[in-house]
Amino acid sequence: MKHISILVYEDVLLTALSSTVSLLMAANEAVGRSGRKIPFTIELVGIHLKNVQLGLPVQFHCSRTLSDDFDTDVVVIPPFNTDSQSIDTLLSENGKLMAWMKEKHQRKAQIISLCTGAYFVAECGLLNGMPATSHWGVMDDLQKRYPRVNFKPDKVVTHAEAIITGGGGFSALNALLYFIERNCGKDIAVTLSKYYALEYGRTSQSIFTIFSGQRQHNDDDIHKAQSYIEEMFKTDISVDQIATQVNMSKRNFIRRFKTATSLNPIEYIQNIKVEAAKKSLESGETNIAAVTYEVGYNDLKTFRMVFKRITGLTPIEYRNKYNTQYLQQ
């Protein structure tokens with residue numbers, strides 16, 4: 001039987017914490033019904049206190065705190081309910097959590113981070129040189145903070161050296177399903193995925209990404225170039241044309257653009273076009289050819305290829321999944 005410690009801190013995301021407990025308890029119940037030995041002992045562990053008051057009117061009672069002397073096999077770090085401006089404060093306030101987690105990992109405990117829980121694992125250096133994932137919305141910040149980590153923005157689950165990381169939001173529950181499958185068998189994981197309506201085996205979270213323009217930098221010339229792209233993306237815009245707008249050589253422009261945004265200009269233009277196409281498909285447009293021309297592509301084949309590479313779905317698949325007209329059929 002594996003002992004699982006689920007860490008509870010003041011800024012933990014309530015829905016993620018409760019769904020983590022529910023899914024692991026459901027695994028115990030499903031295994032028990034099959035006549036096998038219960039696989040997990042599940043405990044909530046507080047950082048400083050056993051009674052943890054969240055920002056919401058909810059309080060969790062934990063079995064232990066980090067000060068207690070106990071062994072554990074698995075440490076689960078749920079995501080936090082904190083805006084991006086408060087992340088530095090959150091990390092500084094939870095140094096004890098990260099030191100404890102690092103010690104347990106050195107004593108062979110497995111680590112599972114869910115969504116933004118990856119901040120804690122990366123901050124204490126456990127992810128250096130390893131693949132990891134998190135919520136797509138914080139991926140730019142994570143990559144800048146922790147350049148030694150091999151972040152995989154599109155991945156739902158990564159697993160290396162006893163550390164499992166899960167993607168954004170409720171897709172992070174796929175990391176728990178992955179863990180459950182490895183410890184309880186595929187039959188249990190599939191049963192739980194059906195019961196909780198989770199998409200078993202999902203590997204990419206690209207479909208959920210909302211491209212917001214990578215504006216977290218201080219290069220004014222590149223901000224100007226980005227604004228120009230966002231204004232002119234429906235035309236046949238070229239890198240030379242954009243470089244001229246900001247009075248740079250093409251080579252220097254490409255270098256500075258990628259340094260600022262982590263994308264080369266062509267990738268940026270493609271992301272802007274695809275985001276516009278997604279919004280058009282979501283809001284009611286059903287004609288794929290019309291959307292293709294609307295966002296500045298003249299070739300349907302090229303548009304389909306770029307759209308699928310970025311979202312993981314073809315334009316038709318995306319339309320059928322998110323267009324209200326098709327959802328009502």
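The analysis underlying the following values was restricted to heavy atoms, covering all of them including side chains, and did not include hydrogens, waters or symmetry mates.
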Checklist entry - Does one hydrophobic cluster hold both L49 and L54, with members joined at side-chain heavy-atom distances below 4.5 Å? => result no
Next on the checklist: Could you walk me through whether R145 and Y119 satisfy the side chain to side chain contact (heavy atoms under 4.5 Å, CB included) test, starting with their C-alpha distance in whole Å, then the side-chain angles of each, then the deciding distance to 0.1 Å, before giving a yes or no?
Outcome noted: CA-CA 9 Å; R145 285 174 182 264; Y119 274 93; 3.7 Å; yes
Item to check | Closest approach of C124 to K102 (non-hydrogen atoms, all atoms of both residues) | outcome: O-NZ, 3.5 Å
Item to check | Nearest atoms (heavy-atom pairs only) where A175 meets L114 | outcome: CB-CD2, 4.1 Å
Next on the checklist: Could you go through I163 and H105, starting from their C-alpha distance and side-chain angles, then the distance that decides it, and tell me whether this counts as side chain to side chain contact (heavy atoms under 4.5 Å, CB included)?
Outcome noted: CA-CA 9 Å; I163 298 180; H105 181 257; 3.8 Å; yes
Next on the checklist: Within the supplied structure, the quantity of interest is the number of heavy atoms (other residues, nucleotides, ligands) at a distance under 6.0 Å from D236 CG; does it exceed 12?
Outcome noted: no
Checklist entry - Are F40 and F179 an aromatic pair by the rule of ring centers under 6.0 Å? => result yes
Checklist entry - Taking side chain as C-beta onward, heavy atoms only, is N81 less than 4.5 Å from L14? => result no
Item to check | Side chain to side chain, I229 and I237, heavy atoms closer than 4.5 Å | outcome: yes
Item to check | E267, CD atom: more than 12 neighbouring heavy atoms under 6.0 Å | outcome: yes
Checklist entry - Does any N or O in the side chain of D219 come within less than 3.5 Å of the main-chain N or O of I222, such that one atom is a donor and the other an acceptor? => result yes
Next on the checklist: Is it true that S67 and K96 share a donor-acceptor pair across their side chains at a distance under 3.5 Å?
Outcome noted: yes
Next on the checklist: Apply side chain to side chain contact (heavy atoms under 4.5 Å, CB included) to residues F120 and Y9 and explain how you reach the verdict.
Outcome noted: CA-CA 12 Å; F120 294 118; Y9 50 99; 3.6 Å; yes
Checklist entry - Do you know the tightest heavy-atom contact between K152 and T133? => result O-OG1, 3.2 Å
Item to check | Separation of L177 CG from S171 OG (nearest 0.5 Å) | outcome: 11.5 Å
Next on the checklist: Could you go through Y196 and S19, starting from their C-alpha distance and side-chain angles, then the distance that decides it, and tell me whether this counts as side chain to side chain contact (heavy atoms under 4.5 Å, CB included)?
Outcome noted: CA-CA 10 Å; Y196 283 94; S19 58; over 6 Å; no
Item to check | Gap separating the OH atom of Y318 from the CD1 atom of I288, nearest 0.5 angstrom | outcome: 11.5 Å
Next on the checklist: Same cluster or not: I164 versus L13, using hydrophobic residues (I, L, V, M, F, W, Y) connected whenever any side-chain heavy atoms lie under 4.5 Å apart?
Outcome noted: no
Next on the checklist: Distance check, rounded to the nearest 0.5 Å: R319 atom CZ versus S280 atom OG?
Outcome noted: 11.5 Å
Checklist entry - H223 side chain to H217 main-chain N or O, any donor-acceptor pair under 3.5 Å? => result yes
Item to check | Nearest-0.5 Å distance that lies between atom CD in Q270 and atom CZ in R309 | outcome: 4.5 Å
Next on the checklist: Any carboxylate oxygen within less than 4.0 angstrom of a Lys/Arg side-chain nitrogen, looking at E275 and K278?
Outcome noted: yes
Item to check | Donor on one side chain, acceptor on other, S34 and R36, under 3.5 Å | outcome: yes
Item to check | G169 versus C115, closest heavy-atom pair with distance | outcome: N-SG, 3.4 Å
Checklist entry - Checking K258 against Y268: charged group under 6.0 Å from the ring centre and within 45 degrees of the axis? => result no
Next on the checklist: Test of understanding: clusters of I, L, V, M, F, W, Y form through side-chain heavy atoms closer than 4.5 Å, transitively. Do F233 and Y293 belong to the same one?
Outcome noted: no
Checklist entry - Which heavy atom in Q110 sits nearest to a heavy atom in H159, and how many Å separate them? => result NE2-NE2, 3.7 Å
Checklist entry - So with a 6.0 Å cut-off around CG of N218, is the heavy-atom count from everything else above 12? => result no
Checklist entry - Hey, is the main chain of T89 close enough, under 3.5 Å, to the side chain of S86 for a donor-acceptor pair? => result no
Checklist entry - Under 4.5 Å between side-chain heavy atoms, hopping through other hydrophobics if needed: is there a path connecting I38 to L176? => result no
Checklist entry - Quick one: which of L7, I4, I6, T20 gives a side chain to side chain contact (heavy atoms under 4.5 Å, CB included) with L44? => result I6
Next on the checklist: For H3, is there any backbone N or O sitting under 3.5 Å from a side-chain donor or acceptor partner on T72?
Outcome noted: yes
Next on the checklist: I'd like to know if the side chain of T292 and the backbone of Y297 have a donor-acceptor N/O pair within less than 3.5 Å.
Outcome noted: no
Item to check | Considering all heavy atoms, the nearest H135-G137 contact | outcome: ND1-N, 2.8 Å
Checklist entry - About how many Å separate CD1 of I77 and CG of L17, when rounded to the nearest 0.5 Å? => result 13.0 Å
Item to check | Heavy-atom donor-acceptor pair, N320 side chain to E317 backbone, under 3.5 Å | outcome: no
Next on the checklist: For E103, is the CD atom crowded, meaning more than 12 foreign heavy atoms sit under 6.0 Å from it?
Outcome noted: yes
